[in-house]
Amino acid sequence: MSIDFDPHIQSSREDPYPLFRELREKHPIVYSEARDMWVVSRYADVRTVLCDAELFVSGRGTVPTGFTSQKPMLITQDEPYHTHLRGALHGAFTPRRVRLLEPLIRRVTRELLDAMDPKAECDFMSAFADPLPVAIVTDILGLGFEDRDEFRSHADVLIHASSNAIESVDEAQEWIYDYVKRILPEREKAPGDDLLSALLNPAEGVPKLTPDELLGFCSILLIAGTETTANGFGNAVYVLHSHPDLRRQLVQDPSRMKGAVEEFLRLESPVPGLSRVASRDTELAGEKIEKGSRVHMLFAAANRDEAIFADPETIVPERSPNSHFAFGFGVHYCLASSLARLELQIGLQEILARFPDFELVPERWQRIESDAARGFVSLPFRPNPL
Ligand code: HEM
């Protein structure tokens, strides 16, 4: 069936979930005239697409516009090159490496909370959610401290690309490429304890990345690793605001935060959907899909599918299993999900310990409009009630 469904418009709705339920129940596959693509919403169909990376490819972009970057980025590669690239990056976010980042995450979190005036309203996104993941990624890459502010301003343009002019996005991308190109020879000569140095000097048996591949990797860390996590924070704070009982329980027992984070990601997924292109004629959910057609997967709808999640609208931190698609599934599963989870757990625990009664101002918050992101542009935050 054909329906006027556009993920871009849905992302900014306060409550798109009743429509997602209707799609799941009555129209599990629809053709969107507006975007020239098929849209699937049931868990089982999303899983089918994610599990067959040879039939449903990423190389022609994973967002509805089909955007791909100039440098080889992991996320938009297919076999066999994807396996080669992922193999080279395998060691980047091992549990050991991620655990070592815990003190840094806690320190940056506390610094950002210290900088908030407890009695004054601020914008949660610019005061906390945006800067935390950028600080962590720049540290992982080992960028010089003195360059961080300039780096961040260019990264911000890339990260918020949907709201910027194309020229400034290209300019920002070039600046970052030039910056990384400049520091690569230094790192090769005098390796440090950072990820770039590790990738330039791989362990035996691990493929070495070319300079272009390293540039692509740095960009993807900035694009895939920062806005997503920032939106994870904004969405979690929004859920806590609308569930005061849950908030009280988490203040009393912070050890439940780990499970709560999974539920925030499931219920308000920062990446509500991504797409693939069919590499040959096939059938999906009873419809014929022609070779070259785009198929968009509504993760945010599948994550509330009652066929998989009992009582899906309720937040149950102890839910087990909790196999949501917030980080995807299959060969492209988020490379740094363990890092994102740790940032969210530590950040939210620290926020609740410091400001258990924080308030948001729904009349003035502004949601992102995007094909592939759900979150807030701005989120007025009062650390203590006025
Ligand atoms: C809450 C935060 C995050 C969310 C919701 C998220 C979500 C996702 C999703 C859905 C995918 C799958 C893409 C696909 O199937 O096409 C993905 C892949 C990826 N993510 Fe994340 N991500 C987050 C944080 C991060 C962070 C912190 C980093 C790195 C610092 C990162 C790096 C990547 C990379 C490199 C890929 C590509 C993997 C591949 O194609 O093999 N992500 N992420």
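Ligands are counted one by one from 1 in listed order, and the atoms in each one are counted from 1 as well.
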Test: R47 cationic atom under 6.0 Å from F325 six-membered ring centre, within 45° of axis: no

Ligand 1 and H332, any nitrogen or oxygen pair closer than 3.5 angstrom? yes

Within the structure, is a non-hydrogen atom of A326 found at a distance of less than 4.0 Å from ligand 1? yes

Residues F5, L298; criterion side-chain contact (heavy atoms from CB on, under 4.5 Å); working and verdict: CA-CA 11 Å; F5 176 82; L298 279 181; 3.8 Å; yes

Cation over ring, R247 on F358, under 6.0 Å and within 45°? yes

Should R42 and E306 count as an ion pair when the cut-off is N to O under 4.0 Å? no

Tally of protein N, O or S atoms, where distance to atom 21 (Fe) of ligand 1 is under 2.8 Å: 1

With a 4.0 Å cut-off on heavy atoms, is V331 in contact with ligand 1? yes

Is any NZ, NE, NH1 or NH2 atom of the basic residue among R99 and E102 found under 4.0 Å from an Asp or Glu carboxylate oxygen of the other? no

Going by atom types only, do S255 and D253 share a side-chain donor-acceptor pair under 3.5 Å? yes

Residue selection (non-hydrogen contact nearest atom 14 (C) of ligand 1) among R276, E343, R341: R276

For L221, take its heavy atoms, then give the atoms of ligand 1 lying under 4.0 Å from any of them. 29 (C), 30 (C)

Is the closest side-chain donor-acceptor distance between E213 and Y81 under 3.5 Å? yes

When every non-hydrogen atom of R374 is compared with those of P272, the smallest separation belongs to N-CD, 3.6 Å

Please state which protein non-hydrogen atom is closest to atom 13 (C) of ligand 1 and give its distance, to 0.1 Å? L274 CD1, 3.5 Å

So, the side chain of S11 versus the backbone of S370: is there a donor-acceptor pair under 3.5 Å, distance only? yes

Does any N or O atom in Y333 lie less than 3.5 angstrom from one in ligand 1, N or O only? no

Side chain, backbone, both or neither: H82 near ligand 1, heavy atoms under 4.0 Å: side chain

Relative to Y238, does R367 satisfy both conditions: NZ or CZ under 6.0 angstrom from the six-membered ring centre, and within 45 degrees of the ring's axis? yes

Work out whether the distance between some heavy atom of M73 and some atom of ligand 1 is less than 4.0 Å. no

